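In what follows, a structure is listed as structure tokens, so that the remarks can point back to it.
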Amino acid sequence: QVQLVESGGGLVQPGGSLRLSCAASGLTFNRYAMEWYRQAQGKERELVAIIYSDGDSTIYVESVKGRFTISRDSAKNTVYLQMNSLKPEDTAVYYCAALGRVSGYRYWGQGTQVTVSS
């Protein structure tokens with residue numbers, strides 16, 4: 001079975017940093033684009049970042065450009081989201097997703113909570 005397991009969330013002060021991890025299993029990792037989404041309380045889920053299967057091409061939502069970095073490690077079947085200069089508006093549940101190039105199917109992780117507050 002395909003599994004995506006997120007970790008690394010928690011409580012951090014404004015201006016602080018966190019690194020989220022997503023460990024993938026049950027799929028051929030390098031054939032999937034990997035994505036991070038987030039959903040704040042009472043709001044719709046939004047795409048935060050994408051890293052394509054070449055490991056180089058990335059896309060970010062405008063609000064996190066220059067602060068967040070997505071990366072992937074093929075040896076560990078893991079995708080990361082490094083989050084710096086965090087703001088209260090970054091508070092949300094963050095979800096990892098894997099998008100199949102051929103099937104178009106998107107697998108989802110269970111989510112991890114990130115709270116930015118003093």
Side-chain angles (χ1 to χ4, degrees):
Q1 300 286 344
V2 172
Q3 285 191 308
L4 303 174
V5 181
E6 301 100 330
S7 61
L11 175 64
V12 65
Q13 291 185 324
S17 298
L18 284 174
R19 188 180 73 161
L20 305 183
S21 299
C22 173
S25 61
L27 54 77
T28 304
F29 184 71
N30 289 338
R31 294 182 181 178
Y32 287 79
M34 301 300 296
E35 306 170 318
W36 286 98
Y37 285 76
R38 67 185 180 187
Q39 186 167 23
Q41 194 76 27
K43 296 186 177 180
E44 294 184 346
R45 189 172 299 187
E46 69 170 346
L47 179 66
V48 177
I50 304 170
I51 184 166
Y52 291 96
S53 58
D54 64 5
D56 294 323
S57 300
T58 58
I59 299 175
Y60 299 91
V61 68
E62 188 68 26
S63 60
V64 309
K65 286 182 179 178
R67 300 189 298 120
F68 290 11
T69 303
I70 188 171
S71 61
R72 62 195 294 164
D73 185 337
S74 60
K76 297 181 178 180
N77 285 4
T78 299
V79 62
Y80 304 94
L81 186 67
Q82 178 67 46
M83 304 184 294
N84 299 326
S85 302
L86 283 161
K87 305 174 181 180
E89 51 263 44
D90 296 317
T91 296
V93 177
Y94 283 71
Y95 296 90
C96 176
L99 178 61
R101 180 72 174 89
V102 175
S103 68
Y105 189 84
R106 181 176 279 107
Y107 296 96
W108 293 95
Q110 82 288 351
T112 186
Q113 176 71 47
V114 172
T115 302
V116 184
S117 176
S118 59

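Note that this is a predicted model, so its numbers are computed, not measured.
The neighbour count for Arg106 CZ, taken as heavy atoms of other residues, nucleotides or ligands under 6.0 Å away, is above 12. Surrounding CD of Gln82 are more than 12 heavy atoms belonging to other residues, nucleotides or ligands, all under 6.0 Å away.
Between Tyr60 and Lys65, the shortest heavy-atom distance links the atoms O-CE, 3.4 Å. Of all heavy-atom pairs spanning Gly8 and Leu18, the tightest one is O-CD2, 3.9 Å. When all heavy atoms of Ser21 and Trp36 are compared, the pair lying nearest together is O-CH2, 3.8 Å. Heavy atoms only, all atoms of each residue included: Asn30 and Ser53 are closest at O-CB, 3.0 Å. Of all the heavy atoms in Pro14 and Ser118, the pair that sits closest is CD-N, 3.7 Å. In terms of heavy-atom proximity, Leu99 sits nearest to Gly104 at CD1-O, 3.7 Å.
Under the 4.5 Å side-chain criterion, counting only non-hydrogen atoms from C-beta, Val102 is not in contact with Arg31. By the 4.5 Å heavy-atom criterion applied to side chains, Ile50 and Ile70 are not counted as neighbours. When side chains are defined from C-beta on, Glu6 counts as touching Gln110, because their heavy atoms get closer than 4.5 Å. Residues Met83 and Val114 are in side-chain contact: their nearest non-hydrogen atoms beyond the backbone lie under 4.5 Å apart.
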Does Tyr80 form a side-chain contact (heavy atoms from CB on, under 4.5 Å) with Thr69? I'd like the steps, not just the answer.
CA-CA 8 Å; Tyr80 304 94; Thr69 303; over 6 Å; no
Please evaluate residues Leu86 and Phe68 with respect to the criterion side-chain contact (heavy atoms from CB on, under 4.5 Å), reporting the C-alpha separation (whole Å), side-chain torsions for both, the decisive distance (0.1 Å), and the verdict.
CA-CA 9 Å; Leu86 283 161; Phe68 290 11; 3.9 Å; yes
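Linking ILVMFWY residues whenever their side-chain heavy atoms come closer than 4.5 Å, directly or via other members, leaves Tyr105 and Leu47 in distinct clusters. Grouping the Ile, Leu, Val, Met, Phe, Trp and Tyr side chains by contacts below 4.5 angstrom, directly or via other members, places Tyr32 with Phe29. Using a 4.5 Å cut-off between side-chain heavy atoms of Ile, Leu, Val, Met, Phe, Trp and Tyr, with links allowed through other members, Val12 and Val64 fall into the same hydrophobic cluster.
For the side chain to side chain contact (heavy atoms under 4.5 Å, CB included) test with Thr112, the passing option among Leu20, Val5, Val93 is Leu20; the others fail.
Thr91 places a side-chain N or O within donor-acceptor distance of the main-chain N or O of Val116, the cut-off being under 3.5 Å.
Under 3.5 Å, the side chains of Ser17 and Asn84 contain a donor-acceptor pair of N or O atoms.
The distance from the OG atom of Ser63 to the CD atom of Glu89 is 8.5 Å, given to the nearest 0.5 Å. Atom CG of residue Leu27 and atom CE of residue Met34 lie 7.0 Å apart, to the nearest 0.5 angstrom. Taking CH2 of Trp108 as the reference point, atom CD of Glu35 lies at 7.0 Å (rounded to 0.5 Å). Here the OH atom belonging to Tyr52 is positioned 9.5 Å from the CZ atom belonging to Arg101, to the nearest 0.5 angstrom. Put simply, OG1 on Thr78 and CG on Leu4 are 10.5 Å apart, with the number rounded to the nearest 0.5 Å.
Scanning for side chain to side chain contact (heavy atoms under 4.5 Å, CB included) contacts around Ala40 gives Lys43, Ala92, with sequence neighbours left out. Legend: residues meeting side chain to side chain donor-acceptor pair (under 3.5 Å) with Tyr94, ordered by chain and number and at least two apart, are Arg38.
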